[in-house]
Amino acid sequence: MTTERQSQINFHKIDEIMASYEYKKSNLIAILQQVQELYTYLPEDAMTFIGTKIEGLSPATVYGVATFYAQFSLEPKGKYKIKVCDGTACHVRGSMSVLNAVKTKLGLGEKRMTTEDGMFSLEIVSCLGACGLAPVVVINDKVYPQMTSDAIGIIIDTIIKEESN
Amino acid sequence: MGKMIINGKECEFTNEANILEVIRKNGFNVPTFCYRPDLKDAFGACRMCVVEIEGRGIQSSCTMPPQDGLVIYTNSAKVRRIRKTVLELLLANHDRECTTCDKSGSCELQKYAEEYGIKDVTKYVQRKEMRPIDDSSPSIVRDVNKCILCGACVRACNQYHGLQVLGFANRGANTVVQPMAGRALATSECVYCGQCVAVCPTGALTIKLQVDDVWKELNNPNKKVVVQFAPSVRVAIGEMFGLEPGVNSTKKINAALKAIGFDLVFDTNFSADLTIMEEATEFIGRIKNGGKLPLFTSCCPGWVRYLETEYPEMLDHLSTCKSPQGMMGAIIKKFVPEYYPEITNENIVSVSIMPCTAKKAEAIRKEFRREDGTYEIDYVLTTQELGRLIKSAGVDFNALEPINADSPFGKYSGAATIFGVSGGVAEAAARTAYQMVTGEELKDFVITPMRGTNLVKTVELDLKGTKIKVKIVNTLKEAEKCIEEIKAGKADYQLLEVMACPGGCINGGGQPQSCDDLSIREKRAEGLYEDDATDEWRKSHENPEIKELYEKHLEKPGSHLSHELLHTTYSDKWKKLYKNVGND
Ligand code: SF4
Ligand code: SF4
Ligand code: SF4
Ligand code: FES
Ligand code: FES
């Protein structure tokens with residue numbers, strides 16, 4: 001997966017993505033998915049650009065679609081994307097305490113789901129299909145089974161240590 | 001074609017779009033929030049219009065097509081219960097501060113809550129979070145705490161302009177109607193036409209009022225307050241005082257304004273005549289000198305702002321003439337102190353009364369700022385606000401003795417008064433352009449193909465050998481098609497008249513609310529054409545005050561002084577709006 005962390009948006013690339021989908025309104029979701037892949041989230045200017053380039057859309061309507069579907073994020077994601085499963089099995093086995101541990105440790109909360117330094121972002125997801133290992137946490141595609149609040153704390157500490165070296 | 005039984009009455013239908021229309025046509029009323037007869041894509045958002053149909057249960061009448069043999073009850077106990085629940089749920093989630101709401105008295109939510117006897121909504125979860133009010137726009141106030149998510153504004157902005165400034169965002173309980181990413185309206189592509197306000201059933205979208213500011217000036221003994229009012233105001237204001245739409249109240253408005261305490265009352269129709277003199281001259285000049293064509297009319301600030309934001313590369317097509325409001329503002333501040341010794345540059349206040357919310361934004365364009373920092377127009381009131389002003393002054397509108405406007409700058413021709421309706425500017429321009437080109441008077445100066453409610457009209461004119469083609473559109477969606485046509489080199493016309501509002505200013509966003517009855521705008525248009533038919537002068541160049549103004553001051557249309565006072569410039573507003581977008 002290519003990710004670009006830059007404040008400046010590459011409108012050429014976005015234009016190429018739109019072109020590959022023939023600038024069609026009906027392809028909006030696919031276009032947004034590609035843009036999100038590029039930036040880890042949907043930057044506001046990118047949505048505006050798409051809304052003004054594609055016939056039949058506007059910035060407001062693109063924003064509407066982006067905020068309607070849970071798969072889209074309006075905030076940049078961290079280098080480490082932590083997904084805490086809160087599906088039924090994980091919930092029953094204590095995913096909330098794991099979640100709260102992550103929040104407290106990284107200072108995240110209601111509105112803020114990415115750390116200031118861009119290192120970690122947190123997402124709550126529903127069933128990852130690994131219920132046998134509940135509660136499950138996934139960090140950048142790596143699955144961590146049977147999490148506890150202590151265990152997740154240690155994992156995060158390890159990452160921080162690795163990063164500071 | 002077919003028959004339905006509505007509340008026991010046999011009712012015929014023909015080509016009505018839905019059973020709601022048939023029900024209403026037959027004298028039964030059904031409450032609605034989201035349905036507006038002019039908005040095409042009804043999607044049944046509010047469920048207020050439900051009716052009971054035998055064998056089909058409860059249906060929303062605004063989305064159901066008529067069918068032969070339906071047996072409909074519009075007011076059964078079940079239907080009433082559902083409507084009551086809808087109202088209770090809406091009110092529970094509503095900022096119920098009616099007393100301080102600008103829509104109070106004309107709010108449909110308030111009206112139906114009253115009609116359905118809603119007394120207590122505390123059994124439902126109450127709205128807690130209050131979101132900030134957006135009053136960034138000079139024309140419109142957005143208060144999402146009053147929004148019932150009916151979507152009428154979203155549909156209006158899309159259907160008329162394709163702009164989709166407002167859209168639904170988020171989902172479920174967090175759904176809001178807002179501009180892109182919750183931006184302030186003033187930083188969106190909004191052109192301030194107010195058509196969204198005109199269809200909003202609640203206080204979520206309202207006109208930004210300046211009535212109190214104007215009262216302050218009127219009450220200040222050191223100020224001289226001068227006022228002008230636009231063509232369409234005269235055929236709509238009566239509706240706020242029980243008169244039929246289309247009744248011409250020009251002279252009553254003059255009297256009302258004097259009674260309220262305005263020092264001088266002028267008519268924007270005078271400057272509409274002036275606009276024609278300048279614009280016809282500009283048009284002929286462009287034809288003769290190979291200037292940029294087609295020429296775009298510039299009297300609608302909604303249209304002007306649209307070009308400035310969406311198509312800045314087309315601005316050289318736009319007439320440099322200020323709108324009639326703008327011209328009158330310039331004339332007032334320049335010449336009134338010369339004509340009236342008691343009025344000075346320091347004590348003059350210039351107010352205008354417009355059918356239009358976009359005129360409020362036009363008045364504070366940087367191009368209309370004077371050297372001393374004041375604007376040529378200090379306050380803009382809409383027709384609705386004029387109604388409020390008259391009522392709050394305790395003036396009995398219907399009992400007023402009609403009087404004339406002040407002179408000079410108060411007389412007008414029939415050509416000026418039809419500016420208020422789509423096609424009117426082109427017709428007025430044709431009457432004078434003919435004379436300017438041929439030196440003769442146009443005999444058949446009532447140009448019927450330019451009239452009527454169509455969104456698009458194309459008319460060919462023969463100025464004794466000089467053939468010109470004129471295209472007339474209303475709504476910006478139609479205007480956009482013209483621009484694309486021009487860009488593709490497919491336009492064969494030389495003049496393009498655009499008004500943003502469907503039908504023109506008679507149906508402007510500042511007029512008394514009329515969106516549920518499409519005949520109202522037609523009656524207002526008839527009122528203006530009737531005014532034209534009975535006016536002493538029918539062509540702008542015949543107006544004696546116009547002649548005098550050129551003789552005494554301006555010399556001739558297009559003169560140096562004319563340009564200084566009556567013409568303006570435009571700028572690319574897109575860059576300002578979305579600074580970074582599209583630039584790597
Ligand atoms: S004022 Fe006109 S342009 Fe602006 S949001 Fe409303 S309908 Fe759209
Ligand atoms: S702002 Fe008004 S018209 Fe728009 S959705 Fe809300 S209530 Fe309906
Ligand atoms: S058509 Fe008339 S009322 Fe509507 S925005 Fe233009 S000037 Fe204003
Ligand atoms: S519920 Fe968490 S993996 Fe299924
Ligand atoms: S009026 Fe029919 S659903 Fe709103």
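Residue numbers start from 1 in every chain, and the chains themselves are labelled A, B, ... in the order their sequence lines are given, proteins ahead of strands.
- Residue B:Lys487 places its NZ atom among more than 12 non-hydrogen atoms of other residues, nucleotides or ligands, all under 6.0 Å distant.
- Of the two parts of A:Leu57, only the backbone, made up of N, CA, C and O, holds a non-hydrogen atom closer than 4.5 Å to a non-hydrogen atom of chain B.
- Applying the side chain to side chain contact (heavy atoms under 4.5 Å, CB included) test to B:Gln164 and every residue at least two apart in sequence or in another chain returns A:Ser58, A:Thr61, B:Asn158.
- The local environment of NZ in A:Lys53 is sparse, with at most 12 non-hydrogen atoms from other residues, nucleotides or ligands closer than 6.0 Å.
- A 6.0 Å sphere centred on NZ of A:Lys161 holds no more than 12 heavy atoms belonging to other residues, nucleotides or ligands.
- For residues 118-165 of chain A, the set of pairs meeting the ring-ring contact (aromatic ring centres under 6.0 Å, His included) definition, not counting sequence neighbours, comprises A:Tyr80-A:Phe120.
- Near-neighbour residues of residues 167-189 of chain B relative to chain A, defined by a heavy atom under 4.5 Å from a heavy atom of that chain, comprise B:Gly167, B:Phe168, B:Ala169, B:Asn170, B:Arg171, B:Gln178, B:Pro179, B:Met180, B:Ala181, B:Arg183, B:Glu189.
- Near-neighbour residues of residues 132-141 of chain B relative to chain A, defined by a heavy atom under 4.5 Å from a heavy atom of that chain, are none.
- Applying the 6.0 Å contact sphere to NZ of A:Lys83 captures no more than 12 heavy atoms from other residues, nucleotides or ligands.
- When each of A:Gly64, A:Gly56, A:Pro59 is checked for heavy-atom pairs under 4.5 Å with chain B, A:Pro59 comes out on top.
- The neighbour count for A:Asp141 CG, taken as heavy atoms of other residues, nucleotides or ligands under 6.0 Å away, does not exceed 12.
- No more than 12 heavy atoms of other residues, nucleotides or ligands shown are found within 6.0 angstrom of OH on A:Tyr69.
- Remark: A:Gln71 CD is packed, more than 12 non-hydrogen atoms of other residues, nucleotides or ligands lying under 6.0 Å away.
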